[in-house]
Amino acid sequence: MQNQDQWQASKYVWRDGHLAPSLDERELGRGSRLIAGRVAAHYERALATYAGGRLLDLGCGKVPLYSAYRDRVSEAVCVDWAQTLHRNPHLDLECDLSQPLPLSTASFDTVLLSDVLEHIPEPAVLWNEMARVLRPGGHLLMNVPFLYWLHEEPHDYYRYTEHALRRGAAGAGLEVLALDRIGGAPEVLLDITGKLIARWRPGMRRLAWAVHGLGCRWLETASGRRASKNTAGPFPLGYFLVARRAAQ
């Protein structure tokens, strides 16, 4: 990773000892904090368990997860599309992620792909490339949205079911170790509501955000957690996957 000393927290921050969504609306809209919080919790646990050695952060953006893995890996290599307006100071390599990666085979112990796969027009190519650059026994950690709004248009191409994710991993020769649903129907409804509130007239937002906040707090209760768990199967907000390249 280039210019490590210049890195600053963006989408995720450490709060009360845990990885959490930023409260800075310049980095993360208020309506996206719910899903970001759920995703952050999955990465905090998974990186602590699986991250190690050389890590490849694909589609890294501002490298928001860097603080969660920097002390667990020997090297981080950051790769993303070329950014013509504002160059990313942390990139080691600019390339098209829908094409074969100019990286050596079996050269990474961990591959990270956060909120990227839905933006890849030819996903099979990236699945195969991630498997190729992983060393035997290496791990892939990734998340994707499912019941989620269109974003980064026009480069928003797919939504993946858990069955499609398993098929993609298997087709690349990767063993799925974990495939977790991120949220259920309550999170989906609150996520949509939060994003709609952000577009409302300013005079209506204060009351609307108060109601939204009560809904988010209800999700932390026993009944809220139960409602989320019981509806996550048919109505997931997203998925989190951990896969491994078979040891030889």
Side-chain angles (χ1 to χ4, degrees), residues 1-4 7 39 42-43 45-83 87-144 152 155 157-158 160-180 239-248:
M1 174 177 167
Q2 300 296 310
N3 303 302
Q4 297 179 25
W7 180 86
V39 170
H42 279 81
Y43 274 114
R45 292 191 296 268
L47 287 167
T49 303
Y50 299 105
R54 295 187 77 222
L55 180 144
L56 176 62
D57 197 337
L58 284 172
C60 62
K62 293 184 177 180
V63 203
L65 292 164
Y66 180 60
S67 64
Y69 65 65
R70 62 184 169 191
D71 294 331
R72 303 183 182 280
V73 302
S74 59
E75 180 185 3
V77 176
C78 295
V79 177
D80 209 340
W81 288 273
Q83 301 180 33
R87 293 186 64 82
N88 187 331
H90 305 304
L91 288 188
D92 297 289
L93 177 66
E94 292 183 346
C95 66
D96 184 346
L97 301 182
S98 64
Q99 300 295 321
L101 301 172
L103 298 166
S104 299
T105 297
S107 56
F108 292 93
D109 302 282
T110 312
V111 171
L112 189 63
L113 191 77
S114 180
D115 294 313
V116 174
L117 192 65
E118 69 271 21
H119 302 294
I120 304 298
E122 300 294 339
V125 174
L126 185 56
W127 276 111
N128 289 329
E129 284 297 283
M130 292 189 294
R132 180 183 66 80
V133 301
L134 273 173
R135 290 172 177 152
H139 294 92
L140 165 66
L141 281 62
M142 64 178 286
N143 74 286
V144 294
E152 297 187 26
H155 304 294
Y157 302 111
Y158 300 106
Y160 295 93
T161 66
E162 59 187 288
H163 314 295
L165 292 171
R166 290 187 184 278
R167 183 181 178 88
L174 297 171
E175 175 191 5
V176 174
L177 301 183
L179 181 50
D180 300 327
Y239 293 101
F240 187 87
L241 176 142
V242 178
R244 177 175 60 196
R245 180 178 174 185
Q248 295 179 348

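Both backbone and side-chain heavy atoms feed into the values below; hydrogens, waters and symmetry mates do not.
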How many angstroms lie between [atom1] in [X] and [atom2] in [Y], if you round to the nearest 0.5 Å?
X	Y	atom1	atom2	answer
Trp127	Glu122	CH2	CD	15.5 Å
Leu140	Met130	CG	CE	5.0 Å
Ser107	Arg132	OG	CZ	7.5 Å
Lys62	Cys78	NZ	SG	14.5 Å
Phe108	Leu101	CZ	CG	9.0 Å
Leu47	His42	CG	NE2	12.5 Å

Task: Polar contact flag, side-chain donor to acceptor under 3.5 angstrom, Asp57-Tyr69 - done: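 The criterion, which ignores hydrogens and geometry beyond distance, is satisfied for Tyr69 and Asp57.
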Open item on the list: Whether the Asp115 and Asn143 side chains hold a donor-acceptor pair (N or O, under 3.5 Å, no angle test) is what I'd like checked.
Closed with: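 Yes, because at least one side-chain N or O of Asp115 sits under 3.5 Å from a partner of the opposite role on Asn143.
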- [ ] Using the six-membered ring wherever Trp is involved, compare the ring planes of Tyr43 and Phe240 and label them parallel, tilted or perpendicular (cut-offs 30° and 60°).
- [x]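 Rings of Tyr43 and Phe240: perpendicular, as their planes differ by over 60°.
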Check whether any side-chain N or O of [X] sits under 3.5 Å from a backbone N or O of [Y] as a donor-acceptor pair, and report yes or no.
X	Y	answer
His90	Met1	no
Arg244	Val176	no
Asp80	Leu58	no
Arg70	Gln4	no
Thr161	Ala164	yes

Open item on the list: Run the side chain to side chain donor-acceptor pair (under 3.5 Å) test against Tyr158 and tell me which residues pass, sequence neighbours left out.
Closed with: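 Not a single residue meets the side chain to side chain donor-acceptor pair (under 3.5 Å) criterion with Tyr158.
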Closest approach of [X] to [Y] (non-hydrogen atoms, all atoms of both residues):
X	Y	answer
Pro89	Asn3	O-ND2, 2.6 Å
Leu93	Pro102	CD2-CG, 3.6 Å
Trp81	Leu91	O-CD1, 4.1 Å
Gly52	Thr110	O-OG1, 3.0 Å
Gly171	Asn128	O-OD1, 3.9 Å
Val73	Ala51	CG1-CB, 4.3 Å

- [ ] Flag the pair Asp109 and Arg135 as a salt bridge only when some basic side-chain nitrogen lies within less than 4.0 angstrom of an acidic carboxylate oxygen.
- [x]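 Salt bridge: yes.
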With a 4.5 Å cut-off on side-chain heavy atoms, are [Y] and [X] touching?
X	Y	value
Leu113	Leu126	yes
Leu179	Tyr239	yes
Val133	Thr105	no
Tyr160	Pro123	yes

Task: Chi angles and distances behind the side-chain contact (heavy atoms from CB on, under 4.5 Å) call for His139, Thr49 - done: CA-CA 10 Å; His139 294 92; Thr49 303; over 6 Å; no
Open item on the list: Test side-chain contact (heavy atoms from CB on, under 4.5 Å) on Leu56 and Val79; report intermediate values, then the result.
Closed with: CA-CA 7 Å; Leu56 176 62; Val79 177; 3.6 Å; yes
- [ ] Walk me through it: do Ser67 and Trp7 pass the test side-chain contact (heavy atoms from CB on, under 4.5 Å)?
- [x] CA-CA 9 Å; Ser67 64; Trp7 180 86; 3.7 Å; yes
TODO: Could you walk me through whether Leu55 and Val77 pass the side-chain contact (heavy atoms from CB on, under 4.5 Å) test, one step at a time?
DONE: CA-CA 6 Å; Leu55 180 144; Val77 176; over 6 Å; no
